[in-house]
Amino acid sequence: MKKQFFALILFLIVCTAYTHEKSKRVKVDKFEFAQSQDPKKLDWYQDMSLGMYLYWTLDAQFGMVNAHSVIGGSKQYLEKYFNELPKTFNPKQFDPEWYARLAKLCGFKYIMIVAKNHNGFCMWDTKTTSFNVMNTPYGKDILKEFIDAIRKYNISVGIYFSPDDAYFQWQKGKEIRRIGDGYEPTTNKELFNYDVSQVDELIEKYNPDIMCFDSKRTTEISRYVLNVYPNIFITRPLLTTPEQSLSGIENNVSAYEAHYTIGNQWQYKATNDKNKTGTDLINLLIKIRSTGGTLLLAIGGPDADGLLPRDKDGLVRELGLWNFINDEAINDIRPWVVSHEDSIYFTCSKDKKTVYAFVTGEQWEKGKRNSITIKSIKSTENTEVEILGQSGNVLEYTLDADVKAKFWENNDGFHISSVRAQRLYNNNKWPNPVVIKISNIDKR
């Protein structure tokens, strides 16, 4: 209790200081009450299905874990890390518009860019520290380049920021930690002031739509932003943000942001990586959307040269192709009354009159009729059924083929018989889930 009380007092003192500096924009008493976000902004965020996570910091040059190696690092290691790595950071082939174009093509609704990770290295032109991208051979504001390209393609901008700062601690001659008294903004007024000055700079220069604060203790920073910049939507820590697992996520939860990687590392991994398949990524997106969440996918790049590795690029495009066909089933939707029945997952329109059924766990052979049964749907006299992406009237190279979706209802449930008729690969095979749109229905 004493520590919590001390943290609260410290926070109010710091906030009072910032109120004096920013008196035209905020009143100190707001900090005591504004702890949740505007419901309209929450609704706006829940409409978005998919975010691209561009995890990139100084040590991507080695393809190693991002930033964490400095925690408990030796004196010799830290001197090399902080002094030598900036001298070789020069991603000459980095093309921010290429990433923005890829995101637009593949249906990503926002891009979350790492501005500062736990190492304290700033990927923007900042006045707060010399440990930034301008003091590297690259010498250009990467964050600005990214954001300018993202805005061009009308994609929402997210900024990731870690309040932990190893470089800040190193300069103070401290052992580098992430938890403990004096090592976190909650217990270190100087670090809190430093973080807030950087957050102010980021918001005022780049005007992001979304921010994510990644630390064990981020309440004070997020509350500061919530009050001073109320138009910004904050994911972590104000939303549930599970990493690499959906354990504990129940059906019909409120908006949440699920953080996942294509491989097994957040930033570029040079060797020993193991990628998810395209089908894995699509099924993951389906499961997240069926429970009201949004997938924030770390795509495994850029690498040391600024490029996205080809294996990751191919998987993003496979996800993008599926999204191109089925985007109406995952954007601007809400969870159905159940998230799934066995291997069939659901989303629905906001008025709950249209349901989208995702048939996972099986591959439908082109031209062959398949049947499914749904227990939670009840038909009306106006009910219609179709597979997204195809007309249901034509099967290539055949005449008079019966590929129309059909349905009937009895005591066993709502039954659908339908045919995958669209060719997406040369070999006519499509390993990914078929999505069936069922319009004008009631729930049972």
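Predicted model, so just to flag it, every value in this text is computed and none were measured.
With no hydrogens or angles considered, no side-chain donor-acceptor pair links S197 and D200 at under 3.5 Å. Side-chain contact annotation: K116 with Q198, donor-acceptor N/O pair under 3.5 Å present. Side-chain contact, E257 with Y45: a donor N or O sits under 3.5 Å from an acceptor N or O. Defined by atom type and a distance below 3.5 Å, a donor-acceptor pair is present between the side-chain atoms of T126 and T128. Counted by atom type alone, D125 and N132 present zero donor-acceptor pairs between their side chains at under 3.5 Å. With 3.5 Å as the limit, one finds a donor-acceptor pair spanning the side chains of E318 and N432. Residues Q267 and N117 bring no donor and acceptor atom of their side chains to less than 3.5 Å of each other. Looking only at atom types and distance, the side chain of S376 has a donor-acceptor partner in the side chain of W336 under 3.5 Å away. The closest side-chain donor-acceptor pair between Y167 and N119, if any, does not fall under 3.5 angstrom. Under 3.5 Å, the side chains of Y153 and E97 contain a donor-acceptor pair of N or O atoms. Checking Y229 against E204 by side-chain atom types alone, a donor-acceptor pair falls below 3.5 Å.
Between Y260 and Y53, the ring center distance fails the sub-6.0 Å criterion. Aromatic ring centroids of F358 and F346 lie 6.0 Å or more apart. When ring centroids are compared, F146 and F94 come within the 6.0 Å threshold.
Of all non-hydrogen atoms in F62 and A270, the two that sit nearest each other are O-CB, 3.8 Å. Nearest approach of P433 to I282, heavy atoms of both residues: CD-CG2, 3.7 Å. When all heavy atoms are compared, the tightest approach of D141 to V133 is CA-CG1, 4.3 Å. Residues I142 and P91 approach most closely at CD1-CG, 4.4 Å, considering heavy atoms. Between R178 and I71 the shortest heavy-atom distance is CG-CD1, 3.5 Å. The two residues S49 and G107 make their nearest non-hydrogen contact at OG-O, 4.4 Å.
Looking at T360, its side chain does come within 3.5 Å of a backbone N or O of S343 through a donor-acceptor pair. Listed for the R420 side chain is no donor-acceptor partner under 3.5 Å among the backbone atoms of E365. A donor-acceptor contact shorter than 3.5 Å links the side chain of Q61 to the backbone of L58. At distances below 3.5 Å, at least one donor-acceptor pair connects side-chain atoms of N326 with backbone N or O atoms of W322. No donor-acceptor pair under 3.5 Å is formed between the side chain of E386 and the backbone N or O of I438. Side-chain atoms of K41 come within 3.5 Å of backbone N or O of N231 as a donor-acceptor pair. Using a distance-only test at 3.5 Å, with no hydrogens or angles considered, a donor-acceptor pair links the side chain of N323 to the main chain of C106. In this structure, the side chain of K375 does not engage the main chain of F414 through any donor-acceptor pair within 3.5 Å. Between the side chain of S339 and the backbone N or O of P335, no donor-acceptor pair lies under 3.5 Å. When atom types are taken as modelled, the side chain of R289 and the backbone of G293 share a donor-acceptor pair closer than 3.5 angstrom.
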Using the side chain to side chain donor-acceptor pair (under 3.5 Å) rule, take W44 and Q46 through it: C-alpha gap first, then chi angles, then the decisive distance, then the call.
CA-CA 6 Å; W44 165 81; Q46 198 170 17; over 6 Å; no
Apply salt bridge (Lys or Arg N to Asp or Glu O under 4.0 Å) to residues D303 and K269 and explain how you reach the verdict.
CA-CA 8 Å; D303 64 12; K269 189 173 185 181; over 6 Å; no
Verify ring-ring contact (aromatic ring centres under 6.0 Å, His included) between Y345 and Y356, making sure each step is shown before the conclusion.
CA-CA 8 Å; Y345 285 77; Y356 301 92; over 10 Å; no
Using the side chain to side chain donor-acceptor pair (under 3.5 Å) rule, take Y256 and T291 through it: C-alpha gap first, then chi angles, then the decisive distance, then the call.
CA-CA 9 Å; Y256 69 93; T291 53; 2.6 Å; yes
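If you take CZ on F233 and CG on D209, they are separated by 11.5 Å, rounding to the nearest 0.5 Å. Atoms CD1 and CD, from I387 and Q422 in turn, are 9.5 Å apart once rounded to the nearest 0.5 Å. One finds the NZ atom of K109 at 9.0 Å from the CD1 atom of I155 (value rounded to the nearest 0.5 Å).
The side chain to side chain donor-acceptor pair (under 3.5 Å) test with N275 singles out one residue from D311, T261, D280, N264, and that residue is D311. Partner of S417 under the side chain to side chain donor-acceptor pair (under 3.5 Å) criterion, chosen from K404, R369, K406: R369.
Other residues, nucleotides and ligands place no more than 12 heavy atoms under 6.0 Å from the OH atom of Y397. Atom CG of D402 has more than 12 neighbouring heavy atoms from other residues, nucleotides or ligands inside a 6.0 Å radius. Residue D351 qualifies as enclosed at atom CG: its count of foreign heavy atoms under 6.0 Å is above 12. Within a 6.0 Å sphere centred on NZ of K312, other residues, nucleotides and ligands contribute more than 12 heavy atoms. In K429, the NZ atom is not crowded: 12 or fewer heavy atoms of neighbouring residues, nucleotides or ligands sit closer than 6.0 Å. At most 12 non-hydrogen atoms from other residues, nucleotides or ligands lie less than 6.0 angstrom from NZ of K144.
Between H415 and W408, the angle of the ring planes stays under 30°, which puts this pair in the parallel group of the 30/60° scheme.
Side-chain contact between D43 and R334 is present, with heavy atoms from C-beta onward closer than 4.5 Å.
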